[in-house]
Amino acid sequence: MKSFNLVKNFFLFLLTFLIIDLSPFLLSTIQPDSSDYLNFHPKRQTTYYILIQVLEFLKIDLIFFQKLFLSISIIALFYFIKKKTNIFFSIAAYLFIISNVYYTSFSKTILTEVLFFSFINLAICFVFDLKKKYNLMFFSFCCGMISALKPIGVPVALILI
């Protein structure tokens with residue numbers, strides 16, 4: 001039974017990743033703000049620039065990483081909603097999120113938005129069960145990353161808290 005769940009989870013992840021990967025490009029990969037992140041401009045926060053540098057060092061494509069991270073956060077959100085409500089609502093929420101082409105197209109641009117959204121997805125998964133020590137730790141990390149990625153992240157993290 002455990003191996004079936006592993007296969008089912010893998011196929012759900014693969015489906016999510018493929019939908020994101022095959023969704024149309026609404027935005028070009030390089031946006032006007034992208035050069036600020038690629039060449040580090042002082043008016044931008046350094047978190048995304050550091051991530052870009054680490055991924056370059058590890059020879060991992062930034063766009064691939066963003067699609068992967070968004071897929072993981074959507075799957076986590078799906079299972080969280082399924083745990084808190086029912087399968088019908090979780091499938092409806094999953095389809096609503098994954099069919100939002102504008103939302104998924106951010107994973108194909110060099111901007112902080114996709115990581116920002118992904119950390120919000122993950123924070124939501126942890127916020128409703130903070131009595132567990134590790135959930136509090138992961139929630140705090142997600143809120144910190146939300147705050148570190150974008151200036152608007154501070155009020156967003158405060159709302160989540």
S.K.: Begin from the C-alpha positions of I161 and F139 and carry the test side-chain contact (heavy atoms from CB on, under 4.5 Å) through to its verdict.
M.R.: CA-CA 9 Å; I161 292 170; F139 173 72; 4.0 Å; yes

S.K.: Looking at residues at least two apart in the chain, or sitting in another chain, which of them share a side-chain hydrogen bond (donor to acceptor under 3.5 Å, both in side chains) with T16?
M.R.: Y94

S.K.: Are the aromatic ring centres of F69 and F119 under 6.0 angstrom apart?
M.R.: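 When the ring centroids of F69 and F119 are compared, they turn out to be within the sub-6.0 Å range.
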
S.K.: Shortest non-hydrogen contact from Q66 to T109?
M.R.: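 Shortest heavy-atom separation between Q66 and T109 comes out as NE2-O, 2.8 Å.
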
S.K.: Could you check whether any side-chain N or O of K84 sits under 3.5 Å from a backbone N or O of C125, counting only pairs where one atom can act as donor and the other as acceptor?
M.R.: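 Not confirmed, K84 side chain does not pair with C125 backbone.
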
S.K.: Are N121 and F80 side-chain neighbours, meaning at least one heavy-atom pair lies under 4.5 Å?
M.R.: no

S.K.: When the ring centroid of F116 is compared with that of F106, is the distance short of 6.0 Å?
M.R.: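 F116 vs F106: aromatic centres not under 6.0 Å.
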
S.K.: Please assess S107 against E113 for the test side-chain contact (heavy atoms from CB on, under 4.5 Å), listing each intermediate value before the final yes or no.
M.R.: CA-CA 8 Å; S107 65; E113 273 69 12; over 6 Å; no

S.K.: Is there a side-chain contact between Y48 and I52 in this structure, where contact means two heavy atoms from C-beta onward sitting under 4.5 Å apart?
M.R.: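 They are in side-chain contact.
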
S.K.: If we ignore hydrogens and angles and just use 3.5 Å, is the side chain of K83 paired with the main-chain N or O of F78 as donor and acceptor?
M.R.: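 It does not hold such a pair.
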
S.K.: If only side-chain N and O atoms count, and only distance matters, is there a donor-acceptor pair under 3.5 Å linking D36 with Y49?
M.R.: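 Short answer, no.
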
S.K.: Heavy atoms only: give me the nearest I74-I98 pair and the separation to one decimal.
M.R.: CD1-CD1, 4.0 Å

S.K.: For N9 and N5, indicate whether the former's side chain and the latter's backbone hold a donor-acceptor pair under 3.5 Å.
M.R.: yes

S.K.: Do the side-chain N and O atoms of S28 and K108 include a donor-acceptor pair separated by under 3.5 angstrom?
M.R.: no

